[in-house]
Amino acid sequence: MCGIVGAVAQRDVALILLEGLKRLEYRGYDSAGVAILSRDDRLQRVRVAGKVKELEDALAREALYGSTGIAHTRWATHGKPSFSNAHPHVCRGEIALVHNGIIENHEELRAQQLALGYEFTSETDTEVVVNQVHHHATGGKDLLEAVMDTVAELDGAYALGVISRSEPQRLIAARRGSPLVIGVGIGEHFIASDVFALLPVTQRFVFLEDGDIADITRQAITIYDSKRNEIERPIRVSELTADAAEKSGFRHFMLKEIFSQPRAVAETLEGRIAEGRVVEEAFGPNAASVLDTIHSVHIVACGTSYHAGLIARYWMEAIAGLPCSVEVASEFRYRRLVVRPETLFVSISQSGETADTLAALREAKQRGYAHSLAICNVPESSLTRESELVVMTRAGPEIGVASTKAFTTQLVVLMLLVILLGRRHGLGVEDEHALVAQLESLPGKLNAVLELSDQIQTLAEQFANKHHTLYLGRGSLYPVAMEGALKLKEISYIHAEAYPAGELKHGPLALVDDDMPVVAVAPNNGLLEKLKSNLQEVRARGGRLYVFADPAAGVENSPGVQVLNVAPIEEPIAPVIYTVPLQLFAYHVAVLKGADIDQPRNLAKSVTVE
Ligand code: AGP
């Protein structure tokens with residue numbers, strides 16, 4: 001999604017803004033731009049319908065000097081990716097603005113502005129915002145008041161950075177629904193869509209709340225809430241360092257993140273288990289009293305995080321004995337539903353800024369769920385601030401658009417939750433010890449499965465020229481197949497669909513032929529024999545099988561069947577392990593296809609619009 005960077009400093013800010021944009025590239029975008037107030041108060045702007053590298057080249061040809069500026073990477077919503085739609089948008093050479101979000105009443109505002117004589121140079125919803133600020137500013141208001149009046153007229157979501165030629169030492173920031181942080185420097189201040197963008201210049205941040213408007217100068221930051229009351233927001237010191245978002249010798253962020261899963265899982269468990277049991281306080285000081293009241297669970301999330309929820313449902317019902325439903329957030333938020341009493345609403349999100357998941361949490365609070373719990377990877381994100389209980393996944397920054405370590409650490413936290421709830425509903429101490437031992441064995445087992453990378457690469461060579469594929473799993477391995485298929489389509493652009501293997505004969509089997517490879521995950525569990533029968537159905541129709549299997553599963557290499565053995569792993573934790581070869585498989589196929597691994601086309605890391 002769109003990325004924003006801004007600065008008001010004593011030094012030239014062009015390179016700071018450019019570095020910030022580079023560090024936001026992972027969010028996904030299609031065009032980029034920067035606007036800087038020159039020392040003689042001219043508003044200078046450079047935009048490109050392409051990557052930040054092209055913007056850098058353009059700035060090398062046409063250097064912009066000045067100490068107040070804003071910059072942007074655009075992920076198209078209203079209007080195609082193009083030079084004229086790229087931000088910053090400028091009104092009459094006076095005011096420049098960058099925006100992340102969607103303005104829902106842009107047509108109405110556009111009509112009013114046309115009547116006032118404003119001209120439009122883009123197809124964006126954003127241009128009405130800069131015009132509106134200009135309109136209020138020419139009515140005698142200063143920039144802060146003009147932005148305050150403007151945002152009061154906007155419907156929809158926004159994070160904004162605004163500068164004006166007539167107030168060159170001032171940067172106004174505002175947010176509602178889209179993320180924005182202020183970076184606190186010494187004699188200089190910054191804004192950005194996330195902290196990564198600003199780590200080279202500061203580790204001190206103020207996280208704006210929904211409805212906040214900030215008046216930022218070199219010397220001061222003054223924040224107003226949505227009712228225009230001046231308000232204090234705490235300064236938080238980030239533990240992240242500037243190199244947190246670097247590849248550390250790996251070819252891609254995604255590969256680095258896949259290989260960091262053993263460490264990420266170990267850190268997620270750190271301090272949360274002791275003497276073979278889950279430490280209840282790890283879920284927060286109020287966790288015990290909240291969990292005591294819970295008799296059912298509703299999980300809501302999007303994409304990969306949704307798949308984690310689907311796996312947790314198997315665990316929740318089998319281990320904790322509690323009814324559990326799982327739903328994609330974009331559906332949940334618009335559905336009339338029956339809320340069971342004593343239900344815990346669980347939201348899962350790597351970024352904590354996914355618009356649909358956030359809206360679902362807000363909706364859940366209105367609809368009378370007993371309590372809410374968020375599982376998240378980004379501290380101080382909107383989701384963590386709005387949920388009653390919060391458990392962090394501690395995966396560390398995830399830069400690749402395709403989520404990997406966030407998923408496996410979400411599963412770890414979900415298992416901890418299942419155990420805590422299970423304890424209250426008949427899970428015995430011995431069973432808890434056994435589950436905790438499985439969790440503790442994960443880093444070692446993940447390391448072992450990562451050693452298969454070269455073999456998986458060889459397997460991937462047979463896939464790079466395919467256009468369609470099916471993924472199969474059964475039980476809690478069905479969502480693993482869904483996650484594997486999502487990874488493949490996201491980064492290799494091969495069409496992949498997942499099915500519970502038993503469902504194949506009810507339709508999808510018609511697709512199977514020599515040119516439709518079928519990938520399956522086959523741990524040695526109670527459903528193994530059923531799965532093997534389903535695989536026979538595929539072979540009998542000439543389908544080629546690629547099976548990630550337990551060595552004891554009895555699935556052998558044979559004509560049309562290629563098996564890759566995965567070290568033995570017990571139920572119920574098998575989904576965590578079987579996810580990893582599918583991540584590596586998608587990665588190697590995509591590399592062979594020459595795809596843009598970390599920033600796949602059309603996708604964004606943090607989906608902050610609906
Ligand atoms: C995963 O590979 C995807 N890029 C995507 O499905 C993602 O999981 C989804 O957008 C939800 O994001 P979140 O976890 O940050 O809420």
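Remember, it's 1-based here, ligands and their atoms both numbered in the order they're listed.
Protein heavy atom at the shortest distance from atom 10 (O) of ligand 1 is Val607 CG2, 3.9 Å. Here the protein heavy atom with the shortest distance to atom 3 (C) of ligand 1 is Glu490 OE2, 3.1 Å. Distance from atom 12 (O) of ligand 1 to its nearest protein heavy atom, with residue and atom name: Thr354 OG1, 3.5 Å. Looking from atom 7 (C) of ligand 1 to the surrounding protein, the closest heavy atom is Thr304 N, 4.1 Å.
Using a 4.5 Å heavy-atom threshold, the side chains of Ser193 and Ile4 count as touching. Between Ser381 and Asp194, the closest side-chain pair of non-hydrogen atoms is not below 4.5 Å.
Screening Lys605, Lys256, Lys405 against Glu398 for a salt bridge (charged side-chain N to carboxylate O under 4.0 Å, His left out) leaves a single residue, Lys605. Applying side chain to side chain donor-acceptor pair (under 3.5 Å) to Asp210 and the options Arg362, Arg176, Arg385 leaves one that passes, Arg362.
Contact record, Asn377 with Ala395: OD1-N, 2.9 Å, taken as the closest heavy-atom pair.
Within ligand 1, the atoms closer than 4.0 Å to a non-hydrogen atom of Ser305 are 8 (O), 13 (P), 14 (O), numbered from 1 in the order shown. When each atom of ligand 1 is checked for a heavy atom of Ser349 under 4.0 Å away, the hits are 13 (P), 14 (O), 15 (O), 16 (O). Ligand-side atoms of ligand 1 in range of Ser403: 1 (C), 2 (O), range being under 4.0 angstrom from any heavy atom. Of all the atoms in ligand 1, the ones that sit under 4.0 Å from a non-hydrogen atom of Ala402 are 2 (O). Each of the atoms 1 (C), 2 (O) of ligand 1 lies under 4.0 Å from some heavy atom of Lys487. Listed by number with element, the atoms of ligand 1 under 4.0 angstrom from any heavy atom of Cys302 are 8 (O), 9 (C), 11 (C).
Using a 4.0 Å cut-off between heavy atoms, Glu353 makes no contact with ligand 1 at all. Neither the backbone nor the side chain of Lys605 has any atom closer than 4.0 Å to an atom of ligand 1 (non-hydrogen atoms only).
In this structure, Arg367 forms a cation-pi arrangement with Phe332, its terminal cationic atom sitting closer than 6.0 Å to the ring centre and no more than 45° off the ring axis.
At least one donor-acceptor pair under 3.5 Å links the side chain of Asp125 to the backbone N or O of Ile103. Between the side chain of Glu317 and the main chain of Cys324, a donor-acceptor pair closer than 3.5 Å is present.
In this comparison of Ser351, Ala604, Pro600, the heavy atom closest to atom 15 (O) of ligand 1 sits on Ser351.
Counted by atom type alone, Thr124 and Asn85 present zero donor-acceptor pairs between their side chains at under 3.5 Å.
Considering backbone and side-chain N/O atoms, Ile348 never comes within less than 3.5 Å of an N/O atom of ligand 1.
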